[in-house]
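Taking it in order: structure first as structure tokens, then the write-up.
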Amino acid sequence: MEKYNHKKIEKKWQEKWDKDKPHKAEDFSKKEKSYLLIEFPYPSGDGLHVGHPRPYIGMDVIARKRRAEGKNVLYPIGWDAFGLPTENFALKTGVHPKEVTKKNTDIFRKQIKSLGISFDWSREINTTDPEYYKWTQWIFLQLFKKGLAYKASVAVNWCLSCKIGLANEEVVDGKCERCGGETEKRQKEQWMLAITKYADRLDKDLDDVDYSEPIKIQQRNWIGKSEGAEIDFDIKNSDRKIKIFTTRADTLFGSTYMVLAPEHELVQELKSQITNFNEAEKYINDTKKKTEIERTAEGKEKTGVELKGVTAINPANKEEIPVFIADYVMVEYGTGAIMAVPAHDQRDFEFAKKFNLPIVEADLVDMDEVIEKVKGKKTIKYKLRDWVFSRQRYWGEPIPIIHCDECGPVAVPEEHLPVELPDIKDYKPTDSGESPLSKAKSWVNVKCPKCGKMGKRETDVMPNWAGSSWYYLRYADPNNDKALADAKNLKYWTPVDWYNGGMEHTTLHLLYSRFWHKFLYDIKVVPTPEPYQKRTSHGLILAEGGEKMSKSKGNVVNPDEIVETFGADTLRTYEMFMGPFDQVIAWSTNNMVGVRRFLEKIWRLQRKIGDGSDVILDGTIKKVTDDIEAMKFNTAVSTMMILVNELEKTKEISKNTYEKLLILLAPFAPHIAEELWDKIGNSDSILSEVWPKYDSKKTITDKAEIAVQVDGKVRATIPVSIDDDEDSVKEKALSNENVKKWTDGKNINKVLYVKGKIISIVTG
RNA sequence: GCCGGAGUGGUGGAAUUGGUAUACACGUACGACUCAAAAUCGUAUGCUGCAAGGCUUGUGAGUUCGAGUCUCACCUCCGGCACCA
């Protein structure tokens, strides 16, 4: 018998799959469709590390199994290739981002192919391809036409080192999500997408999809739906009112002062009435100067200034109460103003203590009655903010808008799409925040499509989340030049049946793409209200010491080396076996050895094929089948290991048993499965084999033995058969020698028999 | 602070959802094969004890014939959110 030579085998079958394309999905096939999706990678210059393919392998196992079950599986791949690292690398080396991207995707493609993932490579897409981003721009224009893309002057989170404005979702602990650098607020004209218009549906429709519970909860928290009421407070000697939002209208009687956000416009409007306006103005300017980190780092110590001369009237008890500005109230949320109830709110309490304000317990009253009495209005507020969509960099999709002095922002006519990125020499970002594209004068200066006068192109580009917000639609029809995808294709393939990705994208990509999809649904481009029927997540793979893998720490495990020395099948099966799929786990090359041994055992089993009787496989088949669908890949593998250990002990095994084992193994270790399938005399590929069925009656292991407990402790096991009646089993248990030893001289109070499981004897 | 998730051998982890805790794998020890080593195979391996037995799923209580699993309180770790009214 030849030795198991993974290099030879894996090369052989990968070349065959490349040629025969057995993983190609068929549009409009009569078979039941199954659209499986992983998050398409960003092709970085470093290539893959061993953690990247974990989700690809997991979904590949499911894809291969479902094909064997007769489904028409779409399992596609592409490249999310716009973004900063490529641009930064290009800036450093002088190589154009386009070329960097080409080089990186070539490396990634080669690496992924070396793992034998069954992607349908005929549908490969790339977000930086003009034929692709043409449709990203097209979607933007539809948003623009419906008023959901608009330009506004907003305080954006500005990353000082990337020199780029960030969306709220991209700021973590006041720092840039990408580079970890400090951010500050800058007032800038930005393109915004009105995701808040969809807040309600993005929250509510989570009821209709099969996402894992933590994902739903995290999205709901981020959307931050909060039901309450808006109530107007009169201002003494003024016809203006202060509108507040509260979820606790029932505490209105305990409101002893009010707070406006420093940036609240009412502060300026009441200027003439405020006797200490200089003091207030200084506080407002100080607040503006603070970066996000400073504002939260100073944290708990409350600051503020009373607006002297301004007195509000509590509508519940008509009491006159003072009005403050303080930075613990945010302009962006609610109405930017609050009624403070120090007896019932921790923050108000701290503030009241510091400023010696009265703390009054509110009587328990009915919320609805109070709202009605003070003529309040029930409303719902969300924490979700509109999406800052402008980026002042080069390597992104140009926003297809032309600014005209006469007409304002005008959409580029659809027949002029794509607006391609101009080739420019200098695409360095600028401190002023002006996009590098503004330097391409001949590109920028164009005629207004509406009036024909000279106008200027928008020079901001889209964020890297744009192309990924709809890519799963393109896979349904990747080469269409009339539409983002043909309606027929979308009707056949969408929604995505199962989408697996990282938990870190829950409030970014996942939410953004749900928003775009809902919009496309509203304008009747896509046939379903939700893009993804089911969403699961995978755990990160850490380095051996339990730290995150990173180039700088030098602890990156390269899959190429593992494939070279152990083989792709070992790598694949180990990544499935190492632990629960959704859990963070540390890499261990030592532990991987066990999986290699397992595959070698299967390899050697081929010698034993002979007259052996069929081993009852039903239990194994059921367990592997169910575990794969539940993503419990680790126990699926261990179930096969148990079977293989058993087969090793027998002299001869039947061909049928061995073949079934190979079919079960194939989704995990496809190369060795194909090779062995071929070696034992099959002319067809194992890929055309049908997933084995099991007899569910035979999977119930009618245990030959059950345990006997005396006073809660197992004292014996006795043989029973499924037909034994209760009394005879009890009789058998009580007459057992070991049991007698423990019941001797005691009263037997109770004997319980749980069929097929246990006998419990209670003595007194 | 709030919202999730998790604590099981020397290690990664199993446990049919209330029914024989520690499957599977790594590691370790001993044995077989070998001149030898590697590979492979076999046996053992939660702790304690010569043994019978006792103890054991982060800690403490509770429910139950029976708890890793359910309830309450607490501790620790991981993830998310955070002056959000």
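This is a predicted model, so every value here is computed, not measured. Naming: A, B, ... by sequence-line order, numbering from 1 per chain.
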Tell me whether the side-chain N/O atoms of [X] come closer than 4.0 Å to OP1 or OP2 in [N].
X	N	answer
A:Gln583	B:G13	yes
A:Lys632	B:A15	yes
A:Lys713	B:C55	yes
A:Asn634	B:A14	yes
A:Arg597	B:G27	yes

Where the side chain of [X] is concerned, which of [options] is the nearest nucleotide?
X	options	value
A:Trp222	B:C81, B:G54, B:G4	B:C81
A:Thr717	B:C65, B:C41, B:U20	B:U20
A:Lys302	B:C24, B:C83, B:G53	B:C83
A:Trp742	B:G54, B:U20, B:C65	B:G54
A:Ile758	B:G12, B:U20, B:A85	B:U20
A:Ser638	B:A23, B:C84, B:A82	B:A23
A:Ser226	B:C3, B:G13, B:A85	B:A85
A:Ile338	B:A85, B:C65, B:G13	B:A85

**Message:** Go nucleotide by nucleotide along RNA chain B from the 5' end; which of A:Ala586 and A:Val637 gets its closest nucleotide reached first?
**Reply:** A:Ala586

**Request:** Specify the residue among A:Asp711 and A:Ile759 whose closest nucleotide of RNA chain B lies further upstream toward the 5′ end.
**Result:**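 Comparing both residues, the 5'-ward one is A:Ile759.
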
Distance check, [atom1] atoms only: [N] and [M], in whole angstrom units.
N	M	atom1	answer
B:U11	B:G4	C1'	28 Å
B:G19	B:G66	C1'	7 Å
B:A39	B:C30	P	15 Å
B:U57	B:U20	C1'	16 Å
B:U16	B:G10	P	23 Å

Heavy atoms under 4.0 Å, any strand shown: does [X] hit a base, just sugar-phosphate, or nothing?
X	result
A:Val754	base
A:Thr635	sugar-phosphate
A:Ile642	sugar-phosphate
A:Ile244	nothing
A:Glu213	nothing
A:Arg604	sugar-phosphate
A:Lys601	sugar-phosphate
A:Asp348	nothing
A:Arg385	base
A:Gln218	sugar-phosphate
A:Asn591	sugar-phosphate

Does some side-chain heavy atom of [Y] sit less than 4.5 Å from a side-chain heavy atom of [X]?
X	Y	answer
A:Thr246	A:Ile338	no
A:Phe577	A:Met592	no
A:His538	A:Asn500	yes

**Aromatic ring pairing A:Tyr257/A:Phe324, orientation class (parallel under 30°, perpendicular over 60°, tilted between)** =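 Aromatic pair A:Tyr257/A:Phe324 classed perpendicular.
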
Rounded distance in Å - [atom1] ([X]) to [atom2] ([N]):
X	N	atom1	atom2	result
A:Met503	B:A6	CE	P	13 Å
A:Asn590	B:G12	CG	P	13 Å
A:Asp626	B:U16	CG	C1'	11 Å
A:Met339	B:A85	CE	P	12 Å
A:Met640	B:A25	CE	C1'	14 Å
A:Phe577	B:A23	CZ	P	12 Å
A:Asp327	B:C84	CG	C1'	14 Å
A:Arg347	B:C2	CZ	P	13 Å

**Fill in**
Mate of B:C2 across any strand shown (Watson-Crick or G-U wobble, both atom pairs under 3.5 Å) is B:G80

**Prompt:** Between CD1 of A:Ile642 and CD of A:Glu646, what distance do you get to the nearest 0.5 Å?
**Reply:**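 Interatomic distance, A:Ile642 CD1 to A:Glu646 CD, rounded to 0.5 Å: 8.0 Å.
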
Flag the pair [X] and [Y] as a salt bridge only when some basic side-chain nitrogen lies within less than 4.0 angstrom of an acidic carboxylate oxygen.
X	Y	result
A:Lys732	A:Asp727	no
A:Glu726	A:Lys755	no
A:Glu648	A:Lys608	no

**Request:** Let me know which of A:Asn555, A:Asn590, A:Thr589 forms a side-chain hydrogen bond (donor to acceptor under 3.5 Å, both in side chains) with A:Glu544.
**Result:** A:Thr589

**Asked** Between the side-chain atoms of A:Lys383 and the base atoms of B:C81, is any donor-acceptor pair under 3.5 Å?
**Response**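 Looking at the base of B:C81, it does not pair with any donor or acceptor on the side chain of A:Lys383 (distance under 3.5 Å).
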
**Request:** Quick one: classify the glycosidic conformation of B:G9 as syn or anti, with syn meaning within 90° of 0.
**Result:** syn

